[in-house]
There are 4 protein chains.
Amino acid sequence: MGAQEREEGAVSAGVRREIVDAAARVIAERGESASMADVAAAAGIGRATLYRYFPNREALLVGLTSAALADLTDNIAAAELDSVDVLEGVARLSRAFFRSATRYAALAHMREKYLDKPAELERRVLAPVRELLQRGIDSGELREDVPLELHVEVLTGLYERVIRLVVDGRLGAEGASALVTSVFLRGVGAGRT
Amino acid sequence: MGAQEREEGAVSAGVRREIVDAAARVIAERGESASMADVAAAAGIGRATLYRYFPNREALLVGLTSAALADLTDNIAAAELDSVDVLEGVARLSRAFFRSATRYAALAHMREKYLDKPAELERRVLAPVRELLQRGIDSGELREDVPLELHVEVLTGLYERVIRLVVDGRLGAEGASALVTSVFLRGVGAGRT
Amino acid sequence: MGAQEREEGAVSAGVRREIVDAAARVIAERGESASMADVAAAAGIGRATLYRYFPNREALLVGLTSAALADLTDNIAAAELDSVDVLEGVARLSRAFFRSATRYAALAHMREKYLDKPAELERRVLAPVRELLQRGIDSGELREDVPLELHVEVLTGLYERVIRLVVDGRLGAEGASALVTSVFLRGVGAGRT
Amino acid sequence: MGAQEREEGAVSAGVRREIVDAAARVIAERGESASMADVAAAAGIGRATLYRYFPNREALLVGLTSAALADLTDNIAAAELDSVDVLEGVARLSRAFFRSATRYAALAHMREKYLDKPAELERRVLAPVRELLQRGIDSGELREDVPLELHVEVLTGLYERVIRLVVDGRLGAEGASALVTSVFLRGVGAGRT
DNA sequence: CATGAATGAGGCTTCATTCAT
DNA sequence: AATGAATGAAGCCTCATTCAT
């Protein structure tokens with residue numbers, strides 16, 4: 001309201017958040033091919049209004065990706081993975097992922113595309129995860145016959161699928177988190193193999 | 001259809017198969033939004049020719065889905081799951097899935113859409129899988145604290161993710177199959193929990 | 001409209017003038033396709049405010065056209081073309097046109113569209129110009145082998161192009177005016193032909 | 001028709017030419033803001049078909065610019081300006097411009113934008129023109145009190161305006177060409193000044 | 001049968017315009 | 001009176017699909 005700040009920028013941060021949430025929902029459900037119209041409708045605004053907040057489709061997806069990543073980053077940081085033992089660490093990590101279920105589901109649909117700063121994902125998400133799992137391998141708590149990289153794939157693969165169940169409402173976030181943690185660590189086998 | 005197979009959609013079955021393969025490859029890599037042009041190019045034919053084999057996009061995807069399902073169905077039938085114990089059964093099942101990695105990857109990208117006869121999936125794929133896993137639960141070889149439905153989700157979730165590694169050439173089908181089997185049954189935990 | 005000028009479109013006449021000037025500048029430079037946002041920005045006001053002064057784009061362009069025409073009309077009237085000989089008359093006419101260079105440039109970009117009252121242009125601009133030139137033809141000071149209408153086209157055509165140089169700052173209004181006058185009357189040829 | 005030349009390119013050169021002609025007509029009349037739909041309609045084809053020949057609007061305008069430039073270039077080259085005296089040279093130059101009236105009119109509407117290779121315009125059009133006019137100045141056939149650059153502006157300014165008359169059908173190309181040549185060289189003044 | 005060419009429908013984006021503060 | 005926010009219409013472009021050779 002000073003003297004001159006005409007046009008551009010500002011616009012309510014609340015609406016922006018609503019749009020990102022709507023986009024997350026829509027993309028989580030219908031996949032990356034969801035249209036701008038779908039998102040606008042889900043956010044309860046007109047298509048043209050959507051463009052006031054995000055100048056184009058890519059900007060929206062970048063924004064969504066970035067918000068999802070921020071969530072994940074925050075949750076993981078708050079989990080203080082390196083202050084606990086590996087098993088507890090995996091449990092916390094799972095809760096971190098399932099806490100932003102819808103956004104992560106959307107993120108998964110978009111693969112690596114739209115990453116604003118790919119290094120962020122690497123540094124704040126993958127690195128902590130790898131560190132945790134590597135620690136487990138080194139300590140003998142995790143299998144050493146499975147390469148670290150596959151540990152990561154398996155774990156995030158489980159997240160990806162089970163999060164779909166959460167988004168569909170078939171499972172609660174807590175239950176889902178516990179399930180993945182448990183299955184990841186013990187498998188579904190009951191006894192020897 | 002003796003010598004003169006006229007009537008609708010006869011056309012060379014060989015080309016048809018090539019098209020389906022091309023579609024599977026393209027969809028497995030670029031997702032369901034791959035265009036008819038992409039598929040035609042991958043199959044080495046013109047767009048218009050593609051339409052001689054599949055009258056529209058949906059028909060192609062139904063055809064692909066159906067081919068993938070047929071593969072899966074055949075592989076699972078050949079695995080004779082009910083003639084072996086549960087642990088061996090899971091191993092065979094995994095091999096069955098990874099044997100048609102690319103097609104299954106495409107199938108996964110398309111979710112339930114395009115299922116010609118949903119009952120087929122239910123009867124020839126899911127039913128045997130459930131039967132196998134239920135048998136495991138009943139016999140105490142699989143965890144009874146995880147509902148059957150989640151067993152299925154976890155297992156196919158692992159297939160879905162790891163198959164991506166196979167399609168990307170980062171893992172061989174055999175190794176991938178063994179990995180999933182082992183992780184599914186034992187998890188990645190090394191000791192008790 | 002004494003002290004309390006209410007009724008439609010009163011609003012500050014000063015701002016209105018600024019807007020028209022801004023529009024003239026923008027249209028002279030970027031052509032008729034300049035957007036309302038461009039004009040608002042150039043006028044240093046918000047888009048919505050612009051609409052308080054001109055209810056729609058056409059109204060703005062009509063306003064601009066009309067202002068440009070008014071300028072031209074005034075300048076031409078002040079030139080008292082019929083009180084001087086033809087050669088001096090052409091010189092005065094040129095100065096009249098170049099005096100509102102930017103507005104005339106904008107006018108040229110818009111062609112005949114947006115003329116509020118086409119008769120005005122005809123009566124107060126074209127008529128005096130034709131009268132002047134016809135007088136020249138009749139007196140033998142201008143070529144009689146070129147139809148009057150083409151005299152007009154050639155002269156205004158020269159104005160249109162050379163005014164662009166003025167708007168771009170490559171030529172001063174006085175110099176430009178002298179150039180066109182001289183070229184119009186003598187051409188660029190140095191000797192007989 | 002060899003073995004493989006699928007998609008892209010080729011497409012009838014005749015249609016391409018028709019499109020460029022249609023675009024020239026439409027742009028000459030309605031200005032650069034003419035829509036792709038306008039052009040398609042003028043060419044008697046569907047909008048989507050237009051995109052088979054020109055992948056986007058810019059490509060079309062570049063193509064048109066390039067065609068106009070080619071015309072001009074050819075005509076100027078064929079005029080062999082440097083083999084004749086300056087006065088004849090100007091006459092030939094004018095004919096060269098008016099020979100592709102519509103295309104040049106369109107070119108003028110688009111200003112410098114869309115020039116594929118700006119050097120081409122410089123080297124094959126402006127350079128010969130400047131050379132001719134400079135020769136005239138040096139020989140005393142053209143006025144030396146007007147800078148070369150203004151000679152060029154005046155001449156092309158006359159072309160631009162008078163070509164409009166040709167496009168509108170108010171003047172034939174030959175007459176227009178003679179008019180501009182004559183006015184450029186002698187002005188419209190009949191006697192001394 | 002195969003294919004180059006043509007097209008309608010639908011998604012993205014901009015812009016003139018309106019609304020509510 | 002001024003402005004930030006919201007929107008419908010219209011233009012660009014892609015893609016599934018059809019047609020004619």
Side-chain angles (χ1 to χ4, degrees), chain A residues 1 4-12 14-16 33-40 43-60, chain B residues 10-12 15 33-40 45-61, chain C residues 6 9-12 15 33-40 44-61, chain D residues 1 3-12 14-16 33-40 43-60:
Chain A
M1 316 85 176
Q4 299 276 89
E5 86 239 74
R6 228 167 301 299
E7 310 293 313
E8 304 298 332
V11 295
S12 153
V15 175
R16 204 185 142 93
S33 63
S35 79
M36 292 297 269
D38 289 340
V39 173
I45 61 178
R47 227 174 343 182
T49 304
L50 175 51
Y51 280 92
R52 266 188 71 75
Y53 292 83
F54 296 93
N56 54 49
R57 184 191 168 82
E58 178 167 0
L60 172 61
Chain B
V11 291
S12 154
V15 175
S33 63
S35 76
M36 292 297 269
D38 289 340
V39 173
I45 61 176
R47 244 176 322 194
T49 305
L50 173 51
Y51 278 90
R52 284 197 67 72
Y53 290 85
F54 295 94
N56 55 45
R57 182 190 165 85
E58 178 166 359
L60 172 61
L61 297 186
Chain C
R6 208 47 55 139
V11 291
S12 152
V15 175
S33 63
S35 77
M36 292 296 269
D38 289 339
V39 174
I45 61 177
R47 243 175 323 193
T49 305
L50 174 51
Y51 278 90
R52 283 197 67 73
Y53 289 83
F54 295 94
N56 55 46
R57 181 189 165 85
E58 178 166 359
L60 171 60
L61 297 186
Chain D
M1 317 86 175
Q4 299 278 87
E5 85 237 75
R6 228 168 301 297
E7 311 294 311
E8 304 299 334
V11 294
S12 153
V15 174
R16 206 186 140 93
S33 62
S35 79
M36 292 296 269
D38 289 339
V39 173
I45 61 177
R47 229 175 338 186
T49 304
L50 176 50
Y51 281 92
R52 266 188 72 75
Y53 292 83
F54 295 93
N56 53 50
R57 185 191 167 82
E58 177 167 359
L60 172 60

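Letters A, B, ... are given to chains in the order of the sequence lines, protein chains preceding strands, and every chain is numbered from 1.
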Results of side chain to side chain contact (heavy atoms under 4.5 Å, CB included) for S33(A) - residues two or more places apart only = none
Grab the CZ-P distance between R52(D) and dT18(F) for me, whole Å please.
-> 17 Å
Between Y51(D) and N56(D), the two heavy atoms sitting closest are CE2-CA, 3.9 Å
Pairing string of DNA chain F (Watson-Crick or G-U wobble, both atom distances under 3.5 Å; | = paired to other strand) is .||||||||||||||||||||
Contacts under 3.5 Å, N or O only, protein and nucleotides 13-17 of chain F:
from: dC13(F); atom 1: OP2; to: Y51(D); atom 2: OH; distance (Å): 3.3
from: dC13(F); atom 1: OP2; to: R57(D); atom 2: N; distance (Å): 2.7
from: dA16(F); atom 1: OP1; to: M36(B); atom 2: N; distance (Å): 3.4
from: dA16(F); atom 1: OP1; to: R57(B); atom 2: NH1; distance (Å): 3.3
from: dA16(F); atom 1: OP2; to: M36(B); atom 2: N; distance (Å): 3.0
from: dT17(F); atom 1: OP2; to: R57(B); atom 2: N; distance (Å): 2.4

Under the side chain to side chain contact (heavy atoms under 4.5 Å, CB included) test, residues paired with A48(B) that sit two or more places apart = none
OP1 or OP2 of dC1(E) less than 4.0 angstrom from a side-chain nitrogen or oxygen of Y53(B), does that happen here?
-> no
What is the distance from CG of L60(C) to C1' of dC15(E), rounded to the nearest Å?
-> 14 Å
Heavy atoms from other residues, nucleotides or ligands near CZ of R57(B) exceed 12 (cutoff 6.0 Å) = yes
The side chain to side chain contact (heavy atoms under 4.5 Å, CB included) partners of F54(C) (sequence neighbours excluded) come to R16(C), I19(C), V20(C), L50(C), A59(C), L60(C)
Could you pick out which residue, T49(B) or L50(D), lies toward the 5' side of DNA chain E when each is mapped onto its nearest nucleotide?
-> T49(B)
Which whole-number value in Å describes the distance from F54(A) CZ to dT14(E) C1'?
-> 18 Å
